[in-house]
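The block underneath contains the structure these notes are about, expressed in structure tokens.
Positions are given from 1, in the same order as the sequence printed here.
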Amino acid sequence: VQREHVLVQLRLFLKRRRYSLLMVRSSSFHIRKSKATSMSVLMKERFLHWLFRDIIVVLIRTCFYVTDSQQHKNKLFYFRQPVWRAIREQETSKFLGKLFHPVRL
């Protein structure tokens with residue numbers, strides 16, 4: 001039951017608009033209290049906070065470029081870094097090709 005709850009929290013976190021420490025701090029990673037002492041619950045919450053802040057956010061920033069789209073109602077799109085680099089370079093060259101023309105000397 002705890003595992004499913006953590007996975008739900010992870011999915012909700014990944015669907016959010018931006019990844020920042022502010023969002024991690026304001027996020028609620030509350031563990032369901034089931035016969036656990038308050039210290040145990042506190043330790044679990046601190047662990048999840050650390051996991052999201054120092055592991056998951058860093059992995060996402062390192063491996064992916066995350067962008068949203070107005071036409072898809074702010075849905076997040078995850079692009080691996082090499083894929084995003086290829087898309088960016090292709091679109092930049094198209095844009096610059098339309099904007100600038102070669103000059104003959």
- Item | Option from Thr62, Ile56, Val57 for which side chain to side chain contact (heavy atoms under 4.5 Å, CB included) with Ile60 holds | Ile56
- Query: Going from CZ on Phe47 to CZ on Phe52, what distance comes out if it is rounded to the nearest 0.5 angstrom?
  - Reply: 10.0 Å
- Message: For a 4.5 angstrom cut-off between non-hydrogen side-chain atoms, does Trp50 reach Leu48?
- Response: no
- Task: Working to the nearest 0.5 Å, report the span between CD of Gln90 and CZ of Arg85.
- Result: 14.5 Å
- Single-linkage hydrophobic cluster Leu59~Leu76, side-chain heavy atoms < 4.5 angstrom: yes
- Message: Between Phe79 and Ile87, is there a side-chain heavy-atom distance shorter than 4.5 Å?
- Response: yes
- Measure from the side-chain N and O atoms of Gln81 to the backbone N and O of Phe64, and report whether any donor-acceptor pair falls under 3.5 Å. yes
- Item | Atom CZ of Arg88 with >12 non-hydrogen neighbours under 6.0 angstrom | yes
- Task: Determine whether Ile55 and Val58 fall in the same hydrophobic cluster, where Ile, Leu, Val, Met, Phe, Trp and Tyr are linked whenever their side-chain heavy atoms lie under 4.5 Å apart.
- Result: no
- Task: May I ask you to test the Val83-Tyr65 pair for a side-chain heavy-atom distance under 4.5 Å?
- Result: no
